[in-house]
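Notes follow the structure.
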Amino acid sequence: MGLLDGKVAIVTGAGGGLGEAYAKLFAKEGAAVVVNDLGGARDGTGADRSAAQKVVDEIIAAGGRAVANGDDVSTVQGGENICNAALENFGRVDILVCNAGILRDKTFANTSEQDWDAVIKVHLKGTYCCAMPVWKWMKDNGGGTMVFTSSTSGLYGNFGQTNYGAAKAGIYGMVRVMSIEGRKYNIRVMGLAPGAYTRMTSDLPGRKDREPDPMSLPENVAPGVLYMVSDLAKDHSGKILGVSSRGVREIKMVQTAGFDPGRPYTAEEVAKNADKVFFPTEDRTVTVQPVAPAQPQPA
Ligand code: NAD
């Protein structure tokens with residue numbers, strides 16, 4: 001018995017990196033998978049449609065079910081073709097993982113309009129283009145699960161990634177809004193901030209010229225994402241999980257109790273109460289212990 005027996009999954013950008021690992025694990029767990037990938041370079045230039053086919057061949061050789069799709073996620077037509085690949089080959093779609101992505105890292109001052117548009121288009125518009133036809137199908141057919149890929153670069157910030165961070169924070173917004181709209185259609189929408197050694201991250205400062213830590217390979221991240229798309233996570237929607245080979249944790253937008261006098265106030269008063277307005281630390285890894293669920297009271 002697999003965790004995804006009888007399910008049909010679409011994974012975009014699955015010709016390599018994290019998406020390939022998700023597609024292979026989903027297929028191993030019983031899902032029929034649409035493996036999408038345009039197969040371009042890391043900066044989004046070029047295309048090699050054999051990337052998706054290679055992953056499909058490996059899934060089929062291992063006894064799984066999969067079809068390749070080489071469409072560009074960032075066009076409306078591409079999104080429709082990807083959804084149709086699932087419907088025409090497998091009759092339904094239960095799971096969508098929007099994973100395709102590119103990078104054009106520059107400091108903000110050096111970010112050209114082309115670098116801005118290209119990154120926003122693949123990540124943010126790409127998530128819209130792929131989610132729309134699947135959403136419409138799920139809405140009319142009992143629901144499903146979507147996982148959109150964000151990043152700590154957008155959620156926390158990272159030097160040199162304004163375009164990428166903006167797209168990834170926008171995706172977080174999509175998760176929050178669509179999870180609310182999805183409730184009445186039984187559509188779960190989850191956000192993912194992965195961490196793995198792939199071609200996207202292999203030359204980050206400190207990693208260049210170093211052998212990959214085998215622990216941080218995508219195969220060791222995929223089980224966290226399998227959890228997210230499976231019924232094991234059926235009670236969770238609208239949440240974003242940080243998933244790496246070392247563990248899984250929820251990342252959340254939080255607010256302080258604040259300066260909240262309940263009457264009109266002055267700027268000077270806000271300054272005087274800055275200790276109530278701001279968090280005491282910039283540390284993003286403050287760990288909050290989950291509150292234990294209330295115990296049922298004896299009758
Ligand atoms: P990757 O470069 O190995 O994989 C991305 C895949 O997307 C590639 O195979 C590429 O061909 C495909 N792709 C790019 N543009 C496409 C398009 N327009 N249409 C279809 N396919 C397209 O990178 P990865 O590290 O596996 O990244 C996967 C996702 O995870 C990305 O969204 C990335 O931003 C995100 N992410 C990765 C990390 C990490 O640590 N690796 C961290 C945070 C977020």
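Read the numbers this way: they start at 1 and go in the same order the structure lists the ligands and their atoms. Only a predicted model underlies this, so the values are computations on that prediction, with no experimental measurement involved.
Residues L3 and L241 fall within the same hydrophobic cluster, defined by Ile, Leu, Val, Met, Phe, Trp and Tyr side chains chained together at heavy-atom separations under 4.5 Å.
By the 3.5 Å distance cut-off applied to N or O atoms, S150 is not counted among the residues near ligand 1. In terms of polar-atom proximity, defined here as any N/O pair under 3.5 Å, A196 does make such a contact with ligand 1. An N or O contact shorter than 3.5 Å is missing between V122 and ligand 1 by distance. Inclusion of S74 in the set of residues having an N or O under 3.5 Å from an N or O of ligand 1 is not warranted.
Numbered from 1 in the order shown, with element, the atoms of ligand 1 that lie under 4.0 Å from a heavy atom of G17 read 3 (O), 26 (O). Residue contact check: G195 has heavy atoms under 4.0 Å from atoms 40 (O) of ligand 1. Set against the non-hydrogen atoms of N36, the atoms of ligand 1 under 4.0 Å away are 20 (C), 21 (N). Each of the atoms 33 (C), 34 (O), 35 (C), 36 (N), 43 (C), 44 (C) of ligand 1 lies under 4.0 Å from some heavy atom of Y164.
Contacts of A14 with ligand 1, taken as heavy-atom pairs under 4.0 Å, are absent altogether. At a 4.0 Å heavy-atom cut-off, ligand 1 touches K168 through the side chain alone. For N99, heavy-atom contacts with ligand 1 shorter than 4.0 Å involve the backbone as well as the side chain. Of all the heavy atoms of T149, the ones lying under 4.0 Å from any atom of ligand 1 belong exclusively to the side chain. When heavy-atom distances to ligand 1 are checked against a 4.0 Å cut-off, L38 comes that close through both its backbone and its side chain. Contacts of T198 with ligand 1, taken as heavy-atom pairs under 4.0 Å, involve the side chain alone. By the criterion of a heavy-atom distance under 4.0 Å, the backbone of D71, and not its side chain, is placed next to ligand 1. Under 4.0 Å from ligand 1, not a single heavy atom of E20 appears. Residue contacts with ligand 1 for Y197 are absent, since no atom lies close enough (heavy atoms, distance under 4.0 Å). Within the 4.0 Å heavy-atom criterion, the part of I102 lying near ligand 1 is the side chain and not the backbone.
When only modelled atom types and interatomic distance are considered, T75 and D72 share no side-chain donor-acceptor pair under 3.5 Å.
For K139 and Y185, the positive end sits near the middle of the six-membered ring, less than 6.0 Å away and at most 45° from its axis.
Remark: distances from the non-hydrogen atoms of R199 to ligand 1 include one below 4.0 Å. For G39, the heavy-atom gap to ligand 1 drops under 4.0 angstrom. Residue contacts with ligand 1: A51 is excluded, as none of its non-hydrogen atoms falls under 4.0 Å.
Applying the salt bridge (charged side-chain N to carboxylate O under 4.0 Å, His left out) test to pairs two or more places apart or on separate chains, those with a residue in residues 80-103 are R92-D94.
Summarising the geometry, atom CD belonging to E219 is positioned 9.5 Å from atom CG belonging to L18; distances are rounded to the nearest 0.5 Å.
The residue among G242, G40, A193, G101 with a heavy atom at the shortest distance from atom 14 (C) of ligand 1 is G101.
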